[in-house]
Amino acid sequence: MSDLIFFVDGVFYNLTGLLFVALGILVLIRHTGFPDLTVDGSFTMGAALFAVSFSAGFGFFFALFLAMAAGIVSGLLTAFSNLVLGISKVVAGVLSMSVLILSAPYVSGGGTVGLLQLHGSQEFLNQLDVQISAAIGVDHLYVHFATALFWFAVGCALAGFLYRFLQSRLGTCVRYIGSAENPAFVGMHQTRLLTVLGLAIGNSLIAAGGAIEALRRGAYTVNMGIGTLLLGLTIVILGEAVMKTVKQRDYLTLREQFLGVGAGLLLYGILLQSILSLGLSYIDLKLATTLLLLVLLGIAGRFFPNTKRLF
Amino acid sequence: MSVLAAESVSYHFPDHSRLVVRELSLEVVPGRLVQLAGRNGSGKTTALRLLAGELSPTSGQVHRSAGARVLYLDQRASAILASELTINDHIRAFREDDGVVSPLADLAPFQLDLGRLLPKFAGQLSGGERQIFALLCAVGGRYDFLLLDEFTSHLDDASERAAFALVQMMLERERIGVVLVSHRPVKLPVHETLYMEVSYRE
C-alpha cells in the first residue's frame, strides 16, 4: 500500500511543472505554428529568475509572475529575431535559447540557487504535507499531496484562462495563423502581431514550468532546461495520439486538445515514475523520453498524419 | 474611396527576360467587376499577383490605397482555410457580420446542404467545399478588393452558381471591387474586360 501511495504521489508531484510546459508547447507548436527552439532557454531563465526572487524573500506568486514575465521577454526576443531581423524561425529560436541559457548564470549569481528554505504559502503547504505524511503513518514515506494539489490548481487556473482566450476571436486568429497554409484572411501586419502574441504566451508558460520545477527539485541548476522541448513535445504528442484514437479522426477541437494534454501528462507521469522507480537517472530519463517521442511520431504519424506536422 | 490600379505595369520573372505582363493598365472601382481574359500564358495570374502585392512590377506602378484590404483567391483558395479549425471557427473569426446575418442564409437558395459541414474541420472537407467556404468567410470580412483566379474551375455547376452569387453579394452589398480570371462563362455583371496577349518579346 505504501508503494502505491508513493507511486501516485510521485506521478502527480513530478507532473506539476510539466503541466505548464505542455500548455506552452501546445500554444507554440500547435496554435502559433512556430517551431520555437527558445523553449529550453525560457525554461532555464524562468527557473533562474524564480529561484533568485523566491530565495530573496519574494512571495510565491510574485516570483512566479517575474518568471512568466521573463518568458514573455524570451518570446519577444525570438519574435524580434524572426520578424524584424528576418532570421529563420529555427535559427531565431536557437539564438534566443543560447542567449537565455548563457545569461541565466548572471541572473542566478553564477550557479545553483537552493530553494530548500521555504516561506509563505510554500512553507504552509510543506507543513501540511508533513502532517499528512505523519497521518498516513508509514515510516520514511513523505508525500506531497498538498503542495502538488496547490501547484496543479495554479496550473489549471492558467489553463482555464488560456482556454477562454483561445476560444475568443483573437485566440482563434492565433490558432488560424498556426494552421492555415496561406493565412490570407489576416493581413501580413496582423499575422506578425498574432505570432508575437503566441510566442509571448507560449514562452511565459514554459518559464512558469521552469519556476515550478526549480521549486519542486529544491534548486535551480544551470542546465536544468535542456531537453524541455522534447519533454513537452512528448507529452503533447502522446495526448494527441490518445485523443485521436478515441475520436477516430486526425483533427481535434480545442477542448479535445486540452484533454489530450491532460491524458498525455498522466500517461507520461506514470511512465516517468516507473522509470525513476527502476533507479534510472534524469539523464537516462531524457534519453528514454527522446526515444519515446521518436516511436510516438512514427506510430501515431502513420495513423494520424496531422500528428507529424510539427514544424 | 479605395483605389486599386495598375499603371503601365510590366513584369518578367527573375530567371527569365521575357515579359509576362506588358504595359498593363487598369483601375478597379468599388462595386464593379473587371475580367481579365486571354490564352494560357498571357499573364493573367501574374497580373493578379501584381495587384495583390505578391509580386513587384519590373516597371510601372501598382496603386493601392493605404489600408485597403485585398483578398486573392485562386484554385487553391482552400489553402487560406486552417485545416485544424472548424468552419464555425472561421466564420466567428473572420466574418464581421456573423452576429447579425446567418452565414448560411446567403447560400440557402442553392440547396447545397452546407449546414451539416459547419461543425466540421476544414481539413475534413473536399476541395470544392473548401472553395465555397473560403468565399463564404470572405463575405462580410470588410475587404475592399477581391481578386479571383480561376476560382470556380474545380466546382460543380451548383457550387459555381453559389460562388458567383456570393461574389455578386459582395459587389452589391459591400461595394467591393473585383478582378476575375475565368476560362468558363462568368454569370456576373462584367463592367470591363481586358484581353491579355501572350508576349514573346523581351
* To do: For the pair N82(A) (side chain) and T78(A) (backbone), establish whether a donor and an acceptor sit closer than 3.5 Å, ignoring hydrogens and angles.
  => no
* Looking only at atom types and distance, does a side-chain atom of S65(B) sit under 3.5 Å from a main-chain N or O of V3(B), one as donor and one as acceptor? -> yes
* Is it true that K89(A) and D36(A) have a side-chain N and a carboxylate O under 4.0 angstrom from each other? -> no
* N-O pairing of E129(B) and K120(B) below 4.0 Å -> no
* Have N203(A) and S42(A) got a donor and an acceptor in their side chains that come within less than 3.5 Å? -> yes
Contact origin within [X] toward chain A - heavy atom pairs under 4.5 Å:
| X | result |
| --- | --- |
| L81(B) | both |
| T86(B) | neither |
| F121(B) | side chain |
| A138(B) | both |

* Asked: What part of Q257(A) lies closer than 4.5 angstrom to a heavy atom of chain B: side chain, backbone, both or neither?
  -> side chain
* Asked: Which region of L252(A), side chain (C-beta onward) or backbone (N, CA, C, O), has a non-hydrogen atom less than 4.5 Å from a non-hydrogen atom of chain B, or is it both or neither?
  -> backbone
